[in-house]
Amino acid sequence: MTTHTETTTPVEYAPERPARLEWAKHAPEVYKAMVRLDTAARKGLDHTLYELVKIRASQINHCAFCIDMHTKDALAAGESVERIVQLSAWDESRHFYTAKEIAALELTEAVTVLTDGFVPDEVYANAAKHFEEAELAQVIAAITVINAWNRFGVTCRMAPGHYEPGQYK
């Protein structure tokens with residue numbers, strides 16, 4: 001009888017790139033203002049919807065740090081892995097999301113990618129159909145704030161993988 005001995009070859013991953021700049025350390029007042037703005041923007045919003053918006057904008061902007069953070073926070077809050085995985089292709093997998101979430105994701109994409117220089121009327125009208133005006137204002141604020149965070153993360157090349165859920169709350 002022959003036995004098969006499994007050999008495990010260690011996997012060598014690419015090295016982690018260091019951050020270009022620890023911007024929050026060098027601009028602490030801006031960082032504190034961003035945290036206050038973020039706190040104000042999330043007020044009154046459903047936590048699940050808030051995290052979906054944050055993750056989707058971060059995917060579009062290629063902000064690995066923010067994708068890492070908001071995915072972990074969403075999972076810790078009970079969001080399903082399946083909905084997070086499908087988020088990058090939400091338009092093809094709409095059946096994973098509510099009509100309200102779809103309206104928020106459409107608005108997130110329109111505000112994040114301003115290629116035409118404006119948010120299309122039909123996207124705004126759909127969002128306005130699903131949100132009361134005060135809540136819509138909060139959704140727009142949340143989208144705007146995550147886009148600002150993404151700009152810091154991408155420009156300064158903040159490294160993903162070290163965030164613990166709830167770390168910055």
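Atoms considered below: every heavy atom in the structure, side chains included; atoms not considered: hydrogens, waters and symmetry mates. When a residue number appears, it is its place in the shown sequence, counting from 1.
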Result of checking Asp38, Asn61, Thr144 against Trp149 for side chain to side chain donor-acceptor pair (under 3.5 Å): Asp38
If I take atom OG from residue Ser58 and atom CD1 from residue Ile67, how far apart are they, to the nearest 0.5 angstrom? 6.0 Å
So His162 and Asp68, do their side chains get closer than 4.5 Å, heavy atoms only? no
Under a 4.5 Å side-chain heavy-atom rule over Ile, Leu, Val, Met, Phe, Trp and Tyr, are Val81 and Tyr97 clustered together? yes
Atom pairs and distances, side-chain donor-acceptor, residues 21-35, under 3.5 Å, sequence neighbours left out:
unit_1	atom_1	unit_2	atom_2	d
Glu29	OE2	Lys32	NZ	3.3

Can you find a pair of side-chain heavy atoms, one from Tyr50 and one from Val53, that are under 4.5 Å apart? no
By side chain to side chain contact (heavy atoms under 4.5 Å, CB included) - contacts of Ile55 (at least two apart): Gln59, His70, Thr71, Ala74, Ile84, Leu87
Residue set satisfying side chain to side chain contact (heavy atoms under 4.5 Å, CB included) with Glu164, at least two apart, ordered chain then number -> Gln167
Are Phe152 and Tyr163 in one and the same hydrophobic cluster, where Ile, Leu, Val, Met, Phe, Trp and Tyr link if side-chain heavy atoms are under 4.5 Å apart? yes
Looking only at atom types and distance, does a side-chain atom of Gln138 sit under 3.5 Å from a main-chain N or O of Ala40, one as donor and one as acceptor? yes
Give the cluster check for Ile60 versus Val154: same hydrophobic cluster or not, with ILVMFWY residues linked at side-chain heavy-atom distances below 4.5 Å. no
Any side-chain heavy atom of Arg17 sitting closer than 4.5 Å to one from Arg157? yes
Side chain to side chain contact (heavy atoms under 4.5 Å, CB included), that's the test. Do Glu79 and Asp73 meet it? Break it down for me. CA-CA 9 Å; Glu79 183 57 84; Asp73 282 346; over 6 Å; no
Ignoring hydrogens, what is the shortest heavy-atom contact between Leu49 and Asp46? Give both atom names and the distance. N-OD2, 2.9 Å
Value for NE2 (His62) from CG (Asn150), rounded to nearest 0.5 Å, stands at 10.5 Å
Taking side chain to side chain contact (heavy atoms under 4.5 Å, CB included) as the definition, give me every residue that meets it alongside Glu82, ordered by chain and number, with sequence neighbours left out. Ser80, Phe96
With Val11, which residues qualify under side chain to side chain contact (heavy atoms under 4.5 Å, CB included), at least two apart? Tyr13
Does any part of the side chain of Ile146, heavy atoms only, come nearer than 4.5 Å to the side chain of Cys66, both counted from C-beta? yes
Quick check: closest heavy atoms across Glu16 and Pro160, and the distance to 0.1 Å? OE1-O, 4.4 Å
Decide whether Leu52 and Val139 are clustered together by the hydrophobic rule: side chain heavy atoms of Ile, Leu, Val, Met, Phe, Trp, Tyr closer than 4.5 Å, transitively. no
Side-chain donor-acceptor pairs of residues 99-114 under 3.5 Å, sequence neighbours excluded:
unit_1	atom_1	unit_2	atom_2	d
Lys100	NZ	Glu135	OE1	3.1
Lys100	NZ	Glu135	OE2	3.3
Glu101	OE1	Arg83	NH1	2.9
Glu101	OE1	Arg83	NH2	3.4
Glu101	OE1	Thr98	N	3.0
Glu101	OE2	Arg83	NH2	2.8
Glu106	OE1	Asn126	ND2	2.7
Glu106	OE2	Arg94	NH2	3.1
Thr108	OG1	Ala104	O	2.7
Glu109	OE2	Arg56	NE	2.8
Glu109	OE2	Arg56	NH2	3.0
Glu109	OE2	Trp90	NE1	2.6
Thr112	OG1	Thr108	O	2.6
Thr112	OG1	Asn147	ND2	3.0

